[in-house]
Novice: 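Take a look at this one; I'll ask things after.
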2 protein chains.
Amino acid sequence: MADVAERAGVSPSTVSRTLRGLPTVSPDVRARVEEAARELNFAVSRQAASLVTGKTGVVAALVPTLNSWFMGSALSSLGPLLRAAGMELTVYVIPDMSERTAFFERLPARRNADALAVFGFDLTDEETVRLDDLGMPVIYVSQHADGRPSVYVDDADGARKATRHLLNLGHRRIAFAPTLGATGFCFSSRERLLGYQQALTEAGIPLDDDLVVTMSSDDKRDITQGVGKLLSLREPPTAIFAETDELAISIIYFLRKAQIQVPERISVIGFDDHQMAEWTDLSTVAQSPSDMGRLAGELALQLIQDSDADHTRHVVLPTHLIPRATTAPPPAPQGGHEGAVEERRI
Amino acid sequence: MADVAERAGVSPSTVSRTLRGLPTVSPDVRARVEEAARELNFAVSRQAASLVTGKTGVVAALVPTLNSWFMGSALSSLGPLLRAAGMELTVYVIPDMSERTAFFERLPARRNADALAVFGFDLTDEETVRLDDLGMPVIYVSQHADGRPSVYVDDADGARKATRHLLNLGHRRIAFAPTLGATGFCFSSRERLLGYQQALTEAGIPLDDDLVVTMSSDDKRDITQGVGKLLSLREPPTAIFAETDELAISIIYFLRKAQIQVPERISVIGFDDHQMAEWTDLSTVAQSPSDMGRLAGELALQLIQDSDADHTRHVVLPTHLIPRATTAPPPAPQGGHEGAVEERRI
DNA sequence: CTGAAAGCGCTAACAA
DNA sequence: TTGTTAGCGCTTTCAG
């Protein structure tokens, strides 16, 4: 910066003012400084600046993985939004329990970010408390956190929609397949289970624990076994509501592999409206992770600016049912002969 | 840090030494300092440290989007690797041309990272030169950059494998569908096209430009039109090689929707071995983006440490063909009656 | 509108 | 093994 100052024939202070766009710089000086900066390929060091301002210019995101449709979409919208505000995005990927423990013990984000967005973890109370004294706003995304800023979809409502859709088609034996990430992380399982149960109760159908089978969506064997468990019940389900589209698609794969027609014999519905849902004609409940990323980013920027903004704001996003070709009325009670024309599907 | 020093009854330097794990600290002092640090919830400010060391402790990744299987997998493996080395990952998401221009003009990573990993962009020469004087090692991932460190798969070879597989099945009219990101970014299209052409030439089949139809994999209309173009040729292809699995899956969707059986009438093969490829029984060429992420990270760390390491190293990863159920021999020349048993697919 | 000077929190010499 | 000192590159008073 001193070089730029010298080249432009002004003091470092003036260079600083110019480069930050402060209005208290005369036009000709501004022009000289900007040219000098360009010629020298000068870029301000965030490190040095933040040392004195106390702001790092960084928003941190805590994610269990980047390798999922949800996270990818959310961060793809968060990133450019932050850049537009002159901020950078640093990502902490926490793929397993030991990394998670390490993260919460050391809290490496402390002093190295102005805000933290926590994506989709089902945090323990201790972990939440730990984040409370991190010294920066923490935004909870895709999860509730009482009394703390959160952005999420109404998962329970979405699950009700999915379940009601199946009920409306005439299904009475409806299974729910929550998914457990390989690492003990848990997205919105609880809420979706709740919505599923509410819809059943609403319809006067007793809950049956045998119809709730957790499957890890990364693990083929686990899915086969889970599907097997459902098929071997004395009264198997005629419909399966999978917690995510990815799980739904793999369940369909195993059902069809076992010669069980979908949706003629068993209907399957997912949750997400993953890009693949369209290509596989999957009925699902849509949510918008990119909206969540955007809103989380806006909330973060706002909380960074007004330290006394409303820190308890919850933003709840809508979901909507997208019926496609994997849900249909259940097969006739005993006859077992199925729908006439069989469409081709991927 | 001064607080910690006072509480532990030592000087700031000693605290610094302790916290950085230098060996020149006596055990009892170390213990006192660590306890004090824990009690005060102290974490070193990277900003201040980097001001004096000149190292930021950050690796930057430049990506066109995070919302793709490839990027998600690559960064999911890069992130934890960097954390294990005590580094942070900051991500620049450059979704469109204007952001791209802005990035290369301002180079915001300058002085704010120790290395930059550029993922999957097809950079212009000017852009590459611009990165050369960024003042930090730049690792090119999923692309060649002559004389600069690169990590990529042998796309041409993978494409040859895919094309040969189709040739071996008896196909002679084979189309190639490169995909153009919505934003003018271009992954490995060129190389894959090349491999496709080589395999054809090798087999003595003349190239036909009509069989190469670009389709934007985000855009439904574009894909329908592209498929339509191929189907309306005087001599339509009996097989399509799609540049990516995602494109392959959507092409299959449109073909089946148009009552064109896959693979009986037209074979389709993709490239990636996307997680969904298995669930859709898609034949494909596998590559491992997580390996690429990992190797890129290792290379970055190495270049950061030894500034005089080999800056021209190229790491080339293998691909392998995974034949599944979307490729089969072409239909009999004129009769048009297809294979006997029809397997069920998602 | 501009410059001088102080200091942000840390590390790296050097001295003890 | 530990403490002292001098900056790293910037922003921010405060004078002018």
Side-chain angles (χ1 to χ4, degrees), chain A residues 1-34 36-37 40-58 86-88 106-114 135-136 304, chain B residues 1-34 36-37 40-58 86-88 106-114 135-136 304:
Chain A
M1 191 171 241
D3 299 346
V4 179
E6 192 178 10
R7 186 175 193 107
V10 297
S11 72
S13 324
T14 303
V15 175
S16 173
R17 283 190 272 258
T18 307
L19 264 29
R20 279 178 297 149
L22 298 193
T24 67
V25 180
S26 67
D28 55 326
V29 170
R30 149 155 287 132
R32 283 216 312 283
V33 170
E34 279 170 350
L40 294 171
N41 256 328
F42 177 81
V44 171
S45 158
R46 273 201 150 70
Q47 331 294 329
S50 68
L51 194 54
V52 37
T53 59
K55 296 282 167 199
T56 60
V58 167
M87 305 224 112
E88 308 207 323
R106 321 216 18 190
L107 289 181
R110 188 194 295 282
R111 306 229 269 155
N112 295 305
D114 297 337
M136 67 181 79
I304 289 169
Chain B
M1 191 170 240
D3 298 346
V4 178
E6 192 178 10
R7 186 173 193 110
V10 297
S11 74
S13 324
T14 303
V15 175
S16 173
R17 283 191 272 259
T18 307
L19 264 30
R20 279 178 298 149
L22 298 193
T24 66
V25 180
S26 67
D28 56 324
V29 170
R30 151 154 284 132
R32 284 216 312 283
V33 170
E34 277 170 351
L40 293 172
N41 255 328
F42 177 81
V44 171
S45 158
R46 272 199 151 69
Q47 331 294 329
S50 68
L51 194 52
V52 38
T53 59
K55 294 282 167 201
T56 60
V58 167
M87 306 222 106
E88 309 207 321
R106 321 216 19 188
L107 289 182
R110 189 194 294 280
R111 304 231 265 156
N112 294 305
D114 297 337
M136 66 180 80
I304 289 169

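Within every chain, numbering begins at 1; the chains are lettered A, B, ... in the order of the sequence lines, protein sequences first and strands thereafter.
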Novice: Please report the closest heavy-atom contact between A:D114 and A:G57, naming both atoms and the distance.
Specialist: OD2-N, 2.9 Å
Novice: Name the nucleic acid region contacted by B:R111, choosing base, sugar-phosphate or nothing; use a 4.0 angstrom heavy-atom cut-off, strictly under.
Specialist: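 Answer is sugar-phosphate: B:R111 comes under 4.0 Å of backbone atoms only.
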Novice: Measure CE/A:M1 against C1'/D:dT12 and give the value in whole Å, please.
Specialist: 12 Å
Novice: For B:L51 and for B:V10, locate the closest nucleotide of DNA chain D by heavy-atom distance; then report the residue assigned to the nucleotide nearer the 5' terminus.
Specialist: B:V10
Novice: Between the main-chain N or O of A:A43 and the side-chain N or O of B:R111, is there a donor-acceptor pair closer than 3.5 Å?
Specialist: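 Here the side-chain-to-backbone pair exists.
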Novice: When you match B:T53 and A:P12 each to their closest nucleotide on DNA chain C, which lands nearer the 5' end?
Specialist: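 That would be A:P12.
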Novice: List the residues meeting salt bridge (charged side-chain N to carboxylate O under 4.0 Å, His left out) with B:R32, not counting sequence neighbours, and say none if there are none.
Specialist: none
Novice: Side chains of B:S11 and B:T14: any donor to acceptor distance under 3.5 Å?
Specialist: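 Present: a donor and an acceptor within the cut-off.
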Novice: Between A:K55 and A:S50, what is the shortest heavy-atom contact and its length?
Specialist: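 In this case the closest contact between A:K55 and A:S50 is O-CB, 2.6 Å.
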Novice: CZ of B:R46 to CZ of A:R46: how many Å apart, nearest 0.5 Å?
Specialist: 15.5 Å
Novice: May I have the distance from A:D3 (atom CG) to D:dG9 (atom P), rounded to whole angstrom?
Specialist: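 Computing the A:D3:CG to D:dG9:P distance gives 9 Å.
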Novice: Give me the residues of residues 13-29 of chain A where at least one heavy atom lies under 4.0 Å from an atom of DNA chain C, by number, or none.
Specialist: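 Output list: A:S13, A:T14, A:R17, A:T24, A:V25, A:S26, A:V29.
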Novice: Nearest 0.5 Å, please: how far is CZ in B:R30 from CG in B:L19?
Specialist: 9.0 Å
Novice: Using the heavy-atom set of chain A and a strict 4.0 Å cut-off, write down the first and last nucleotide of DNA chain C that makes it in, 5' to 3'.
Specialist: C:dC1 to C:dC10
Novice: Should A:N112 and A:V58 be marked as a side-chain contact (heavy atoms from CB on, under 4.5 Å) after you check the CA-CA gap, both sets of side-chain angles, and the distance that decides it?
Specialist: CA-CA 7 Å; A:N112 295 305; A:V58 167; over 6 Å; no
